Protein chains: 2
Amino acid sequence: MSVAVSGDGLPRQHARRTSISEATVARLPVYLRVLAGFADGGIATVSSEQLAVAAGVGPAKLRKDLSHLGSYGTRGVGYDVDYLIYQISRVLGLTQHYSVVIVGVGNLGHALAGYAGFGTRGFRVAALVDADPARVGETIAGLEVQHVDELETIVKEHEVSIGVIATPASAAQDVCDRLVACGVTSVLNFAPVVLNVPEQVDVRKVDLSIELQILAFHEQRKSLSAQAAR
Amino acid sequence: MSVAVSGDGLPRQHARRTSISEATVARLPVYLRVLAGFADGGIATVSSEQLAVAAGVGPAKLRKDLSHLGSYGTRGVGYDVDYLIYQISRVLGLTQHYSVVIVGVGNLGHALAGYAGFGTRGFRVAALVDADPARVGETIAGLEVQHVDELETIVKEHEVSIGVIATPASAAQDVCDRLVACGVTSVLNFAPVVLNVPEQVDVRKVDLSIELQILAFHEQRKSLSAQAAR
DNA sequence: GACCGTTTGTGAACTCGTGCACAAAGCGGT
DNA sequence: ACCGCTTTGTGCACGAGTTCACAAACGGTC
């Protein structure tokens, strides 16, 4: 596998040596979690078959995914669990540390602040902020809630790279703009709006309402086909 | 279990005659929300261009998506907002009512119970259950928390069709099995595990940890390419 | 060292989703 | 009734992602 030779002098911002597709990147964290489970169970080696079953994908897809980040398996044997964990962590960038700021400390913000997933694997919640003065000063999960006016200061001081938006829909775009303005380039959005951001900023959205509606569609499809079969 | 394992090359594709692709279905709720905003603003007609911008997709993709559910636009004019809302709602199955049970009333369960998105558009939270006896009896968002042992009774009585799993990872598969056993065919999973379910059951997962790790990957990619440009 | 069963890594075919470009279709003005 | 402007719906080409199938590679055994 050769490293991409950039012959174009054009300063295109992405599509450089990505070579790892978005679909693969979305699955790597799953593999990582499954592997961590194997490691805890004292298993030193896994085959693509075992890993695939545990991760809920096909063995071929799994092997192709892993092949995109190098040849780290041993033919006839499988993959060394610890080594694979290290490699995936490295590719995902989890060997670095990322500071996260959570904006909006409503029901959801509370839950997020207490979520253990943030603490693990290189993520650290640097601050919690809210626009409601009544909430400022409250301590949640060992952090004191600060006012949203402090946002710029906080981002600069803690070198925040990831912003989590857990505000009402009406405030989300404004908060997002402010985050982007002070240099945040990754946003995780829980508000039910489509955020408008410059090209270099990555936004991932988590939207319960949408998930429910997708499930509703399939529910209807199933009940319709059951009816048709009658 | 019944999940395809080694050898059998049977593709577990659950689509029978879905003339609407999964990718399109995932976008329809977004269109619906944007359209609702237009309707609130008193706008009666929108072009694919306007809708596309507001929904964050390309105009061609939007038109193709809408064409999959019929020809509901008028050439030279655009789409009637109210009529399109009705048609998308119908296709998504939102004209029916769905009962939801939320399992696990920790931080996240609390937030979900209070989430307004459940109340709207045909979804009703029928019950909240938890395994912790200390939590049983507590009232959240107007609902009394019941013990998880009541799960089967609740599902039968309220004709629950959608189960939301907000338990710790260790309990998720067990809860899921019980939901499936009493007839639930759609599951929204917040626990960080890969659920094993029979073919006819749809599972959608929401996983904060995975989203963060995907963002981390892109953060790293951006910082690396910035370094290379130097 | 050669053989054997196992498992990886990957070319190749195939499916699915996206973007382009344009003809068909409607509306309003003359 | 015609013309010109606007916008939809869609055929087509392209690219991304998935699955298949198999040769190459490896450890263990004789």
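In what follows, chains carry the letters A, B, and so on, assigned in the order in which the sequence lines appear, proteins first and then strands, with residues in each chain numbered from 1. Since the model is a prediction, treat every value here as computed from it, not as a measurement.
Looking at Val184(B) and Ser161(B), their side chains never come closer than 4.5 Å, going by heavy atoms from C-beta outward. Contact of the Arg178(B) side chain with the Val155(B) side chain is not registered, since no non-hydrogen atoms from C-beta on lie closer than 4.5 Å. Between Val164(A) and Val101(A) there is no side-chain heavy-atom pair separated by less than 4.5 Å. The closest side-chain heavy-atom distance from Asp207(B) to Arg33(A) is below 4.5 Å. Within the 4.5 Å cutoff, the side chain of Ile162(A) has heavy atoms near those of the Leu212(B) side chain. When side chains are defined from C-beta on, Lys61(B) counts as touching Arg27(B), because their heavy atoms get closer than 4.5 Å. Side-chain contact between Phe190(A) and Leu112(A): present, with at least one pair of heavy atoms (C-beta onward) separated by less than 4.5 Å.
For the side chain to side chain contact (heavy atoms under 4.5 Å, CB included) test, residues two or more places apart in sequence or in another chain that qualify with Ala171(B) are Thr167(B). By the ring-ring contact (aromatic ring centres under 6.0 Å, His included) test, Phe123(A) pairs with Tyr98(A), sequence neighbours left out. Legend: residues meeting salt bridge (Lys or Arg N to Asp or Glu O under 4.0 Å) with Lys64(A), ordered by chain and number and at least two apart, are absent.
Rounded to whole angstrom, the span from the CD atom of Glu49(A) across to the C1' atom of dT6(C) amounts to 12 Å. At whole-Å resolution of the value, CG in Leu62(B) and C1' in dT10(D) are 14 Å apart. Following rounding to the nearest Å, Leu66(B) (CG) and dT10(D) (C1') show an atom-to-atom distance of 14 Å.
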Steps toward side-chain contact (heavy atoms from CB on, under 4.5 Å) verdict (Leu215(A), Arg204(B)):
CA-CA 8 Å; Leu215(A) 286 175; Arg204(B) 294 197 64 87; 3.9 Å; yes

Kindly determine whether Ser89(B) and Leu32(B) satisfy side-chain contact (heavy atoms from CB on, under 4.5 Å), including the steps that lead there.
CA-CA 8 Å; Ser89(B) 297; Leu32(B) 198 52; 3.7 Å; yes

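The side chain of Thr74(A) lies closest to dC26(D) when the candidates are dC26(D), dT8(D), dG9(C).
The local environment of NE2 in His97(A) is sparse, with at most 12 non-hydrogen atoms from other residues, nucleotides or ligands closer than 6.0 Å. Annotation: Glu159(A), atom CD; neighbour count of heavy atoms from other residues, nucleotides and ligands within 6.0 Å does not exceed 12.
Using modelled atom types, one finds no donor on one side chain facing an acceptor on the other under 3.5 Å when comparing Gln200(B) with His218(A). Between the side chains of Ser99(A) and Arg124(A), a donor-acceptor pair is found at a separation under 3.5 Å. Remark: the Asp65(A) side chain and the Tyr31(A) side chain contain an N/O donor-acceptor pair separated by less than 3.5 Å. A donor-acceptor contact closer than 3.5 angstrom is absent between the side chains of Arg90(B) and Thr95(B).
Non-hydrogen atoms lying under 4.0 Å from DNA chain C are contributed by Gly76(A), Val77(A), Gly78(A), Tyr79(A), all within residues 76-88 of chain A. Residues of residues 30-42 of chain B that place a heavy atom closer than 4.0 Å to DNA chain D do not occur. Taking a 4.0 Å limit (strictly below) on heavy-atom distances, residues 50-57 of chain B does not reach DNA chain D anywhere.
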Between side-chain atoms of residues 79-86 of chain A and protein atoms elsewhere (two or more places apart, or another chain), which donor-acceptor pairs fall under 3.5 Å?
unit_1   : atom_1 : unit_2   : atom_2 : d
Asp80(A) : OD2    : Asp82(A) : N      : 3.3
Asp80(A) : OD2    : Tyr83(A) : N      : 2.9
Tyr83(A) : OH     : Gln87(A) : NE2    : 3.0

Tabulate protein N/O versus nucleotide N/O from nucleotides 1-5 of chain D, keeping only pairs under 3.5 Å, one per line.
none

Write down the protein N/O and nucleotide N/O pairs, taken from nucleotides 21-23 of chain D, whose separation is under 3.5 Å; answer none if there are no such pairs.
unit_1  : atom_1 : unit_2   : atom_2 : d
dA21(D) : N6     : Arg63(A) : NH2    : 3.4

All N/O contacts under 3.5 Å from nucleotides 28-30 of chain D to the protein, with atom names and distances to one decimal?
none

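For Ser47(A), no side-chain nitrogen or oxygen approaches OP1 or OP2 of dT7(C) to under 4.0 Å.
A distance-only check finds a donor-acceptor pair linking the side chain of Ser47(B) to the backbone of Gln50(B) [under 3.5 Å].
Sorted by first and then second residue, the pairs that involve residues 184-195 of chain A and meet side chain to side chain donor-acceptor pair (under 3.5 Å), not counting sequence neighbours, are Thr185(A)-Glu219(B), Ser186(A)-Glu219(B).
Between Val46(A) and Gly58(B), it is Val46(A) whose nearest contact on DNA chain C lies nearer the 5' terminus.
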Which letter, B, S or -, goes with each nucleotide of nucleotides 13-18 of chain D from 5' to 3', with contact meaning a protein heavy atom under 4.0 Å?
----SS

